[in-house]
**Student:** 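Quick one: the structure is below, questions incoming.
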Amino acid sequence: MATTAAAAVLFFSVVLILASPLVAASASAAGQAQELLLSFRASLKDTSGALSTWSPSTPYCNWSHITCTGGGAVSVALSLQGLGLSGDIAAEPLCRVPGLVALSLASNSFNQTVPLQLSRCASLVSLNLSSAAFWGPLPDQLAMLASLTSLDLSGNDIEGQVPPGLAALRGLEVLDLGAPRLSGVLHPALFRNLTRLHFLDLSNNQFLESELPPELGEMGGLRWLFLQGSGFTSAIPETLLQLEQLEFLDLSMNGLTGALPPAFGHNFRKLLSLDLSQNGFSGPFPKEIDKCVMLQRFQVQGNGFTGELPAGLWSLPDLRVIRAENNRFSGRLPELPTGVSRLEQVQVDNNSFSGGIPQSIGLVRTMYRFSASLNQLNGSLPASLCDSPAMSIINVSRNSLSGAIPEFRNCKRLVSLSLSGNALTGSIPASLGGPPVLADIHVSSNGLTGAIPAELQSLKLALLNVSPSTHLTGRVPPSLVSGALPAVFLEGNPGLCGAGLRNDGCDAPPLRNHQGLALAATVAALATGVTLLAVGALAVCRRLHGDTSSSSSSSNSKLVLFHPIKITGDELLAALRRDKNVIGRGPFGETYLIELQDGQRVAVKRLISSGKQTFRAVKNEMKILAKIRHRNIAKMLGFCYRHADGEVSVIHEHLRMGSLHDLIRAPKFTLGWNDRLRIAIGVAQGLVYLHHDYAPRLLHRDLKSSNVLLGDELEPKVTGFGVDRVVGEEAYRASLRSDLNYGCYIAPEVSCTKKPTHLMDVYSFGVILLELITGRPAEQPASDGSVDIVRWVWRRANVADGAAQILDAGISRTAQQGMRAALELALRCTSVMPDQRPAMDEVVRSLQLLYPPHPSPSPAPFTGVALGP
Ligand SMILES: *[C@@H]1O[C@H](CO)[C@@H](O)[C@H](O)[C@H]1NC(C)=O
Ligand SMILES: *[C@@H]1O[C@H](CO)[C@@H](O)[C@H](O)[C@H]1NC(C)=O
Ligand SMILES: *[C@@H]1O[C@H](CO)[C@@H](O)[C@H](O)[C@H]1NC(C)=O
Ligand SMILES: *[C@@H]1O[C@H](CO)[C@@H](O)[C@H](O)[C@H]1NC(C)=O
Ligand SMILES: *[C@@H]1O[C@H](CO)[C@@H](O)[C@H](O)[C@H]1NC(C)=O
Ligand SMILES: *[C@@H]1O[C@H](CO)[C@@H](O)[C@H](O)[C@H]1NC(C)=O
Ligand SMILES: *[C@@H]1O[C@H](CO)[C@@H](O)[C@H](O)[C@H]1NC(C)=O
C-alpha cells in the first residue's frame with residue numbers, strides 16, 4: 001500500500017558514470033600507437049579486467065593507467081603496477097609506441113625473464129620492474145636505454161653478475177637492485193661512472209662478494225645508500241666520508257669489520273638514518289657523530305664497539321632511536337635534555353653500562369621504549385620512569401637495581417614491564433593493575449614480598465611472571481590462575497595459595513573487604529554500561545524504522561552507479577524495507593542482500609549515522625573506492641544518497657558462498673588446511689593492495705570475517721572498507737566504540753591513538769588467521785570466561801605444548817607443521833605492541849611459503865560486468 005506510493009514520491013536521479021563512446025578523430029600516429037598498445041595488451045593475461053577500458057573507440061590517452069603529457073610530441077607513461085597481470089610481455093610493439101618515457105610493470109606476477117626487447121624502448125626515462133616475479137640474469141642490453149634515469153628491478157629473483165655495461169647509463173639517478181640473488185664482484189666502473197646517482201640499493205644480495213670499494217666516494221650526489229644484507233666485507237673506506245649529501249646509510253648485516261674512521265660523521269650534516277648493525281665493527285664510536293645534527297635513527301646494535309657512547313649523541317635535537325644493544329659499551333647513561341629531546345626508543349641491553357637509570361628517561365614526552373637489560377645498572381627505579389605519555393615498553397631486567405617498585409601512577413600506555421633479575425624489595429604495587437593495556441609483567445628473581453594484588457585481574461592479557469620470587473604470600477586472585485596464568489609462572493613462591501596451585505586452600509579470607517567492594521562496583525558499572533548501550537541501539541533501530549515507513553515527501557535521493565547493474569531506485573528502497581533481506585547488522589546499520597532481476601546479487605550496506613557529509617564529498621570518496629580493481633577486493637557498484645539526512649547506502653558485489661564468518665559459524669566447519677591457507681593468502685593480498693599498491697593508500701579499519709566474502713573455489717574478496725571515508729572520522733570513531741560484537745577484531749591501541757595505522761589492520765587480519773587456525777569464531781564465549789579469541793589463544797600459547805590445544809583438531813595431522821607456522825605468524829600479527837606486527841606484504845610472503853609448491857591457487861574467473869555504453 002504505502003510502499004509503492006512512498007517510492008514514487010522519492011525522486012531518483014540516476015547517474016551512470018561510464019565512458020561514453022567517442023568518435024576518435026585521431027591522427028594516424030595516434031591510431032598506430034593505439035594499435036601497438038592493443039597488441040601489447042593482447043599479450044598480457046589480465047584476469048581482473050584492469051585494462052578492459054582500453055578500447056579502440058577512445059583515444060589511448062584516456063585509457064586507464066596511461067598518462068599523456070605534452071602537446072605536440074606526446075610523452076606516454078604506462079603505470080601498470082599491482083594489476084595482477086601475467087603473460088608473455090610483447091615488448092616489441094610496446095617499444096614502438098612513440099614517446100614512451102615511463103613504464104612500470106611492478107607488483108605483478110609475470111614469472112619470466114626480463115624481456116631483452118625492452119632494451120629497444122629507446123625513449124624510456126624510467127623503468128620499474130620491481131616485485132613482478134622476473135627471474136634469470138640481468139640483461140646487458142638494458143645498457144642501451146641511454147636516457148634512463150631510474151631503473152628498479154628490486155624484489156625479483158634476478159641472479160648472476162651485475163653487468164659492468166650498466167656503467168654506461170651515466171644519467172642514472174636511481175638504481176634499485178635490492179633483494180635479487182646477484183652474485184660476484186661489483187665492477188668498480190659501476191661506482192666510478194654512475195656519478196649522478198642519488199639512490200643506490202644493492203641490499204639483500206647475500207651472494208655478492210665485494211669489499212666496499214673506495215670508488216663509492218665518487219658518487220658525490222648519493223642521498224640514499226642501501227647495502228644491507230649483501231655480503232660486503234672489509235672496513236669502511238675513508239672515501240665514504242666524502243658523501244656529504246647522504247640522508248640514509250644502511251650497511252647493516254654484512255661482514256664489515258675494523259674500527260670506524262675517526263672522522264666518521266663529520267661530513268654527514270644531512271644524515272637522517274644510520275644503520276651499522278649486525279657487523280663486526282670494533283673500537284670506540286667516533287665523537288664526530290655529534291655533527292650529524294639531523295640524525296633521527298642511530299642503530300649500531302650487534303657489533304663489538306667499546307668505550308662510552310659519545311655524549312653528544314644523546315642530545316642530538318632530532319634523534320628518535322638509539323639502538324646499541326649487544327655491544328661492549330660502558331660508562332654511565334647520561335641525563336637527557338628533557339624539554340628538547342625527541343627520543344622515542346633507547347635500547348642498550350647487553351652492554352656494560354653502570355650507574356643509575358637516568359631520572360630523565362620517563363620525562364621525555366616522546367619516550368616509547370626503554371630497555372637496558374643485562375647491564376650493571378644500580379640504584380633504585382626512578383618513580384617517574386613511566387611518566388612519559390607514550391611509554392609502552394620498559395625492560396631493565398638483569399641489572400643490580402634495588403629498592404621498591406614505585407607506584408607508577410601515570411602509565412597510560414605501558415604494555416610490557418620487565419624488572420626480573422634485580423634486587424628489588426617490597427611488594428608488588430596494586431597500581432600495576434591500572435595501565436589499561438599492560439599485558440606483560442616480569443618481576444621474578446627479586447626479593448619481593450607480600451601478596452599479588454587483586455587489581456592485577458583487570459590486565460588485558462594477564463601475563464604475570466613472578467617465578468621464582470620466593471617471598472610472595474597469600475591467595476592468588478582467582479581469574480589470574482584460570483588458564484590466564486600458567487602455574488609455572490607462580491612456582492617458587494611457597495607462600496602463594498589458590499586454586500590450581502600446590503597449596504590450593506587459603507586460610508586467610510579471600511579478599512580484604514574494600515577490595516571486594518571495589519571489584520563488585522566495577523562489575524556493576526560495567527553491567528550498566530552494557531545495558532545503556534543496548535538501549536541506545538534499540539532507539540536507533542526504532543528511529544530508522546519510523547523513517548522508512550513514513551518516508552516524508554520532502555526527502556529525495558540520488559542513486560549513483562559505477563557499474564551498469566539492473567536496479568532502480570524504487571526497487572532499492574523497497575528491498576531495504578524488507579527485514580528478510582537483512583544479512584548483517586553493523587554499528588552503522590543493517591546490510592541487506594538483494595537479488596536483482598537478472599539474478600545477480602548485491603549487498604547494500606546502510607550507513608544511517610553518516611549525517612554530515614555532503615553529496616559531493618560522498619561521491620568523491622565513492623569514486624576513489626569504485627576504482628579499486630583487485631581479485632581479492634569486492635567491487636563497489638554504486639551508492640544511494642538521501643538528501644534529507646545524508647544517509648548513504650553503499651552497493652557492493654555479493655558472492656554466492658556468503659562470508660567467511662558464516663562459514664566458520666556453520667554447525668560443521670570442515671574446510672581443509674590448504675583451503676584455509678588460500679583464504680588467508682587472498683585476504684592478505686587484498687590488504688597489501690589497499691595498503692601499498694593502490695593510490696591513495698587505504699586502510700580497511702573494519703576487517704572481520706563477516707567482511708570476507710567467498711567466491712568460486714573459495715577465492716576471498718574483502719569488503720566493508722572505506723566506511724570511515726564516507727561517514728567522516730568522527731562518526732566512524734563513535735560507532736567503533738559502540739560496536740561491542742566485533743570488539744575482538746580491534747587492535748588494543750585503537751582507543752588511545754589518534755591516527756589509524758595499517759598495523760591495526762594487521763591485528764584484525766591476525767584475528768581472522770586465528771579463526772582459520774582454531775576453527776573457532778572470534779567472538780565465541782569459552783569455558784575459561786574469555787570471549788575474545790586473542791585472549792583465548794594467547795593464554796594457551798604461553799604454556800608448554802599449548803599449540804596442541806589451539807590448532808583445530810578437525811584438521812589432519814599432516815598439516816600440523818604449516819598450522820604451527822601460521823599460528824606463530826598470527827601471534828605476531830596480534831601482538832599488543834604494534835611495532836612487533838609484520839607488514840601485510842611480509843605476511844603474504846610468509847603465508848605463501850607455507851602453501852604447497854604445486855597446486856597453485858587458480859585465479860577466480862573475472863566476475864565483473866563488462867562496461868558498455
Ligand atoms: C578524454 O580526455 C579529455 C581530457 O581529459 C576529455 O576532454 C575528453 O572528453 C575525453 N574523451 C573521452 C572519450 O572520454
Ligand atoms: C612459473 O612458471 C613455471 C613454468 O614455466 C612453473 O613451473 C612455475 O610453477 C611458475 N611459478 C609460479 C609462481 O607461477
Ligand atoms: C616501482 O614501483 C613500486 C610499486 O609501485 C614502487 O613502490 C617503487 O617506489 C617504484 N620504484 C621507483 C624507483 O619509483
Ligand atoms: C665509464 O665512463 C667512461 C667515460 O667517462 C667510458 O669511457 C667508459 O666506457 C665507462 N665505463 C663503462 C663500463 O661503461
Ligand atoms: C650479548 O652480546 C654479545 C655480543 O656482544 C652476544 O654474543 C651475546 O649473545 C649477547 N647475549 C645475549 C643474552 O643476547
Ligand atoms: C627483557 O630483557 C631480557 C634480557 O635481555 C630478555 O630475555 C627478555 O626477553 C626481555 N623481555 C621482554 C618482554 O622483551
Ligand atoms: C652503583 O655502582 C657504582 C660503581 O659502579 C658505585 O660507585 C655506586 O655507589 C653504586 N650506587 C648505588 C646507589 O649503589
Side-chain angles (χ1 to χ4, degrees), residues 178 198-204 222-230 232 236 240-241 243-254 256 260 264-279 281 284-303 305 308-327 329 333-334 336-337 340-351 353 358 361 364-372 388 390-393 395 755 757-759 833-839 842:
H198 51 73
F199 179 107
L200 176 60
D201 188 339
L202 293 166
S203 62
N204 301 313
L222 267 188
R223 289 158 61 197
W224 291 277
L225 180 56
F226 297 106
L227 301 180
Q228 69 273 23
S230 285
F232 285 101
I236 286 190
L240 184 86
L241 309 191
L243 301 178
E244 296 185 0
Q245 304 299 321
L246 273 185
E247 294 173 21
F248 289 83
L249 175 59
D250 192 343
L251 301 175
S252 62
M253 298 181 291
N254 283 296
L256 300 170
L260 301 183
F264 188 90
H266 184 81
N267 289 330
F268 296 161
R269 304 287 161 110
K270 299 186 174 168
L271 194 64
L272 298 172
S273 173
L274 171 67
D275 193 343
L276 303 178
S277 62
Q278 313 298 350
N279 278 291
F281 291 119
F285 203 93
K287 288 199 175 38
E288 295 293 303
I289 191 73
D290 65 3
K291 302 293 190 313
C292 303
V293 287
M294 299 187 63
L295 195 64
Q296 298 185 359
R297 301 182 70 89
F298 174 84
Q299 296 177 254
V300 301
Q301 70 271 23
N303 282 290
F305 287 117
E308 301 203 0
L309 267 178
L313 174 72
W314 295 91
S315 46
L316 285 174
D318 265 334
L319 196 64
R320 315 290 158 91
V321 175
I322 293 183
R323 291 197 54 183
E325 68 268 23
N326 301 334
N327 277 290
F329 287 115
L333 298 175
L336 302 171
V340 198
S341 177
R342 302 170 80 172
L343 270 171
E344 295 169 4
Q345 199 170 333
V346 173
Q347 284 175 256
V348 294
D349 313 71
N350 189 19
N351 280 288
F353 288 108
I361 287 286
V364 173
R365 293 190 57 79
T366 44
M367 190 67 73
Y368 153 79
R369 172 178 202 151
F370 175 67
S371 68
S388 151
M391 185 66 95
S392 302
I393 302 171
N395 191 346
K755 220 170 129 24
T757 69
H758 65 103
L759 294 171
M833 289 172 234
D835 69 341
Q836 297 199 349
R837 295 176 205 150
E842 188 192 333

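Since this is a predicted model, take the numbers as computed values, not measurements. Side chains included, hydrogens not; waters and symmetry mates left out as well; all remaining heavy atoms used.
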**Student:** Determine whether H198 and Q245 satisfy the following criterion, side-chain contact (heavy atoms from CB on, under 4.5 Å), listing intermediate values before the conclusion.
**Tutor:** CA-CA 9 Å; H198 51 73; Q245 304 299 321; over 6 Å; no
**Student:** Got more than 12 heavy atoms from elsewhere within 6.0 Å of NZ, K287?
**Tutor:**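 No, because the 6.0 Å sphere around NZ of K287 holds 12 heavy atoms or fewer from other groups.
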**Student:** Start with the C-alpha distance between F281 and F264, add both sets of side-chain angles, then the distance that settles ring-ring contact (aromatic ring centres under 6.0 Å, His included), and finish with yes or no.
**Tutor:** CA-CA 13 Å; F281 291 119; F264 188 90; 8.2 Å; no
**Student:** For a quick test of reading the model, state the closest non-hydrogen atom pair linking L274 to L271 and the distance between them.
**Tutor:** CB-CD2, 3.9 Å
**Student:** Dump the intermediate steps for salt bridge (Lys or Arg N to Asp or Glu O under 4.0 Å) on E247 and R223, then the final yes or no.
**Tutor:** CA-CA 5 Å; E247 294 173 21; R223 289 158 61 197; 3.1 Å; yes
**Student:** Should the pair F305 and F329 be assigned to parallel (<30°), tilted (30 to 60°) or perpendicular (>60°) ring geometry?
**Tutor:** parallel
**Student:** Using only atom types and a distance under 3.5 Å, with no angle test, would you say the side chain of R837 pairs donor to acceptor with the backbone of L759?
**Tutor:** yes
**Student:** Please check: side-chain N/O of S388 versus main-chain N/O of M367, any donor-acceptor pairing under 3.5 Å?
**Tutor:**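 Yes: the side chain of S388 pairs with the backbone of M367.
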**Student:** If only side-chain N and O atoms count, and only distance matters, is there a donor-acceptor pair under 3.5 Å linking N350 with N326?
**Tutor:**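 Checked: N326/N350 side chains pair up, N/O donor to acceptor below 3.5 Å.
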**Student:** Closest approach of L260 and I236, non-hydrogen atoms and distance?
**Tutor:** CD2-CD1, 3.8 Å
**Student:** Please step through side-chain contact (heavy atoms from CB on, under 4.5 Å) for the pair Y368 and D835, ending with a clear verdict.
**Tutor:** CA-CA 11 Å; Y368 153 79; D835 69 341; 3.0 Å; yes
**Student:** When rounded to the nearest 0.5 angstrom, what is the spacing between CG in L246 and NZ in K270?
**Tutor:**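 If I round to the nearest 0.5 Å, the distance is 10.5 Å.
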**Student:** Show the nearest heavy-atom pair for residues V364 and L343, with the distance to one decimal.
**Tutor:**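 Closest heavy-atom pair between V364 and L343: CG1-O, 3.6 Å.
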**Student:** For R320, I'd like to know if atom CZ has over 12 heavy atoms of other residues, nucleotides or ligands within 6.0 Å.
**Tutor:** yes
**Student:** side-chain contact (heavy atoms from CB on, under 4.5 Å), that's the test. Do F268 and L295 meet it? Break it down for me.
**Tutor:** CA-CA 9 Å; F268 296 161; L295 195 64; over 6 Å; no
**Student:** What heavy-atom pair brings M391 and I361 nearest, and what distance separates the two atoms?
**Tutor:** CE-CG2, 4.0 Å
**Student:** Does the pair W224 and D201 meet the rule for a side-chain contact (heavy atoms from CB on, under 4.5 Å), with working shown?
**Tutor:** CA-CA 8 Å; W224 291 277; D201 188 339; over 6 Å; no
**Student:** Tell me if a side-chain donor or acceptor on D318 pairs with a main-chain N or O of Q296 at a distance below 3.5 Å.
**Tutor:**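 Answer holds: no.
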**Student:** Where do L309 and I322 come nearest, in terms of heavy atoms and distance?
**Tutor:** CD1-CG2, 4.4 Å
**Student:** Looking at side-chain heavy atoms only, is the closest gap between W314 and V346 below 4.5 Å?
**Tutor:**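 A side-chain contact under 4.5 Å exists here.
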**Student:** Of all the heavy-atom pairs spanning R269 and V293, show the shortest one and how long it is.
**Tutor:**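 That would be O-CG2, 4.1 Å.
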**Student:** Can E344 and R342 be said to form a salt bridge (Lys or Arg N to Asp or Glu O under 4.0 Å), step by step?
**Tutor:** CA-CA 6 Å; E344 295 169 4; R342 302 170 80 172; over 6 Å; no
